[in-house]
Amino acid sequence: MSSDPERDPGDRPGDERPVTGTYPTVPDPDVVAQPTPARDRRTGDAALRRAAERRLAAVVEGMSEAFLSLDANWRVTYANRAACDLNGTTRAALVGRDHWAQWPETAGGEVEREYRRVATERVPARFDHYYPRAQTWHAIQVYPAEGGGLAVFFRDITVERASAAERERLLLDSERARADAEAARAEAESANRSKAHFLATMSHELRTPLNAIGGYAELMEMGIRGPVSDAQRHDLARIQASQRHLLGLINEVLDYAKLETGAVRYDITTVAVCDALAAAEALVEPQARAKALTLTVRACTPEVAVRADPEKLRQILVNLLSNAVKFTDAGGCIDLACAHDAERVRLTVRDTGIGIPADKLDAVFEPFVQVRTDLTRATDGTGLGLAISRDLARGMGGDLVVESTLGAGSAFTLTLRTDDV
Ligand code: ADP
């Protein structure tokens with residue numbers, strides 16, 4: 001397939017001149033610039049012309065593009081080295097050959113059509129063509145040349161076309177992957193909606209009879225149904241405590257289901273932080289006292305305010321303080337402090353409790369996750385409180401984060417946007 005090295009035209013480009021005028025001539029700037037005395041003009045012109053031809057031949061020989069020139073009778077008058085290489089032959093074998101005899105497969109197709117059009121209309125043409133012998137794609141440029149012939153350039157675009165095809169394939173793949181991901185996401189969303197709908201319905205259905213249990217227990221305790229003995233009163237108190245506990249759990253599930261379906265409405269307003277802290281403290285203080293914990297709420301100046309839904313802010317703070325009570329042993333301390341700047345208010349609930357292992361710090365915000373280092377404590381709750389609290393915090397433009405040291409205590413910080421009272 002390689003050309004004969006003996007006859008390789010690239011070795012001596014100036015010696016094997018292409019037939020004059022079978023391809024567009026290239027003006028030589030040096031020649032054009034020099035004035036020639038009139039008496040020497042004819043000999044000078046011929047010498048300069050030969051020099052220009054040699055220079056042009058050298059350029060054409062050195063091109064990476066294959067080049068052919070054809071005369072008006074479709075004979076090959078010149079083929080550069082790249083053209084010889086492309087055809088796996090020598091220039092001697094090509095020059096003088098009839099184009100259609102040399103490349104019979106090109107007759108009757110696009111190549112013939114375009115060549116003939118250029119030959120007749122004398123306007124250049126460009127088209128892409130696959131050359132089966134070399135298994136290569138070429139961008140073919142055809143120019144009318146002097147004497148009714150053609151000058152033809154073949155630029156190898158196999159790689160470009162392959163990469164274009166590859167690009168197309170990748171594009172299709174990525175579009176398919178995107179469609180798959182979108183379908184999976186839609187499916188997951190739909191499954192999530194069904195789950196949330198189920199939870200919301202279930203919670204609702206459970207709350208009604210639970211409220212009835214609480215209501216009837218209260219009526220009995222009040223003696224409305226007749227006298228109540230001390231033992232019965234004791235049992236009724238247990239029934240009520242269990243009812244409240246169960247109702248609390250169900251309310252959490254319902255809250256979470258609502259957050260999941262996006263059914264939560266936020267009534268954002270200006271909330272004075274000291275009021276929010278006092279309200280939360282009042283609700284948790286009895287639990288802390290019952291467990292002999294020291295609950296300290298650090299004073300904060302009355303003008304400190306946040307943009308928040310007051311009900312949801314209270315819910316978050318109560319959840320954080322209740323957890324601190326739940327996970328701190330008797331005699332421990334719980335501290336609620338406030339720090340603020342022009343943009344953010346940070347409310348930190350710190351305890352001296354059991355702490356959270358470092359590898360569970362992210363997980364505690366996931367729904368239904370409970371750190372089971374202490375099973376008796378872990379059974380008390382749903383594992384939804386922190387997931388709900390963080391969603392609520394984010395829903396108000398804030399966030400909830402934790403720092404903790406196992407065995408030493410935890411600090412949950414709620415961040416909200418600062419506001420002016
Ligand atoms: P629940 O309290 O109902 O279990 P939460 O979502 O409020 O659910 O908390 C998830 C888990 O995070 C808890 O079960 C507990 O393991 C851990 N946790 C939360 N607060 C604390 C805390 N202050 N100290 C130690 N562990 C905590």
Side-chain angles (χ1 to χ4, degrees), residues 196 199 202-203 206-207 210 241-260 264 277 280-281 283-285 287-298 312-337 346-395 398-415:
L199 285 173
M202 278 299 293
S203 306
L206 288 170
R207 272 204 308 184
L210 259 181
S242 295
Q243 182 268 347
R244 277 195 298 272
H245 181 63
L246 203 47
L247 193 60
L249 298 186
I250 284 166
N251 281 338
E252 275 200 345
V253 173
L254 189 61
D255 275 355
Y256 181 69
K258 272 197 206 153
L259 277 164
E260 283 280 281
V264 173
L277 298 190
E281 182 186 13
L283 284 167
V284 182
E285 199 272 332
Q287 301 170 32
R289 193 161 9 96
K291 246 185 119 177
L293 297 168
T294 310
L295 173 62
T296 312
V297 177
R298 312 236 163 233
K312 297 186 171 58
L313 171 55
R314 190 189 53 77
Q315 188 179 344
I316 298 171
L317 288 175
V318 168
N319 179 45
L320 295 180
L321 288 168
S322 304
N323 275 350
V325 169
K326 209 157 56 171
F327 297 106
T328 305
D329 288 331
C333 297
I334 297 168
D335 181 284
L336 174 52
R346 271 172 283 276
L347 303 172
T348 302
V349 175
R350 198 178 297 276
D351 64 52
T352 57
I354 61 171
I356 300 167
D359 64 335
K360 292 287 191 305
L361 286 176
D362 287 335
V364 292
F365 292 104
E366 297 301 321
F368 305 110
V369 169
Q370 296 181 310
V371 181
R372 297 180 178 270
T373 50
D374 184 320
L375 282 176
T376 50
R377 284 189 177 103
T379 51
D380 187 17
T382 52
L384 281 173
L386 288 176
I388 292 171
S389 296
R390 189 172 68 175
D391 276 0
L392 291 176
R394 290 181 174 175
D399 205 356
L400 178 62
V401 295
V402 63
E403 283 175 0
S404 185
T405 307
L406 196 60
S410 310
F412 285 86
T413 300
L414 167 68
T415 311

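When a ligand or atom number is given, it counts from 1 through the structure's own listing order.
For T415 and D399, the side-chain atoms include no donor-acceptor pair closer than 3.5 Å.
Evaluated by nearest non-hydrogen atom to atom 4 (O) of ligand 1, the leading choice among R390, Q370, R350 is Q370. Taking all heavy atoms of V402, L406, T328, V369 into account, the minimum distance to atom 10 (C) of ligand 1 is reached by V369.
Neither the backbone nor the side chain of F365 has any atom closer than 4.0 Å to an atom of ligand 1 (non-hydrogen atoms only). When non-hydrogen atoms are compared, ligand 1 lies under 4.0 Å from the backbone of L386 as well as from its side chain. Under 4.0 Å from ligand 1, the heavy atoms of L384 that appear belong solely to its backbone. With a heavy-atom cut-off of 4.0 Å, D351 touches ligand 1 through its side chain alone.
Shown in contact with G385 at under 4.0 Å from a heavy atom are these atoms of ligand 1, numbered in order with element: 5 (P), 6 (O), 7 (O), 8 (O). If you number the atoms of ligand 1 from 1 as listed, the ones under 4.0 Å from a heavy atom of K326 come out as 1 (P), 2 (O), 3 (O). In summary, the atoms of ligand 1 found under 4.0 Å from a heavy atom of F412, numbered by their order in the structure, are 20 (N), 21 (C), 22 (C), 23 (N).
The salt bridge (charged side-chain N to carboxylate O under 4.0 Å, His left out) pairs that include a residue from residues 354-370 number zero, where partners must be two or more places apart or lie in different chains.
Every N/O-N/O distance between E252 and ligand 1 stays at or above 3.5 Å. Close N/O approach between G383 and ligand 1 is found [any backbone or side-chain N/O within under 3.5 Å].
Residue K360 places no heavy atom under 4.0 Å from ligand 1. Distances shorter than 4.0 angstrom occur between a heavy atom of G355 and an atom of ligand 1.
When L247, L246, V253 are each tested for a side-chain contact (heavy atoms from CB on, under 4.5 Å) with R207, only one passes: L247.
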Acceptor/donor pairs from residues 404-412 side chains to any protein atom, 3.5 angstrom cut, sequence neighbours excluded:
residue	atom	partner	partner atom	Å
S404	OG	I356	N	2.8
S404	OG	G409	O	3.0
S404	OG	S410	OG	2.9

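A280 and L321 get closest at one heavy-atom pair: CB-CD1, 4.0 Å.
Here the CZ atom belonging to R394 is positioned 12.0 Å from the CG atom belonging to L259, to the nearest 0.5 angstrom.
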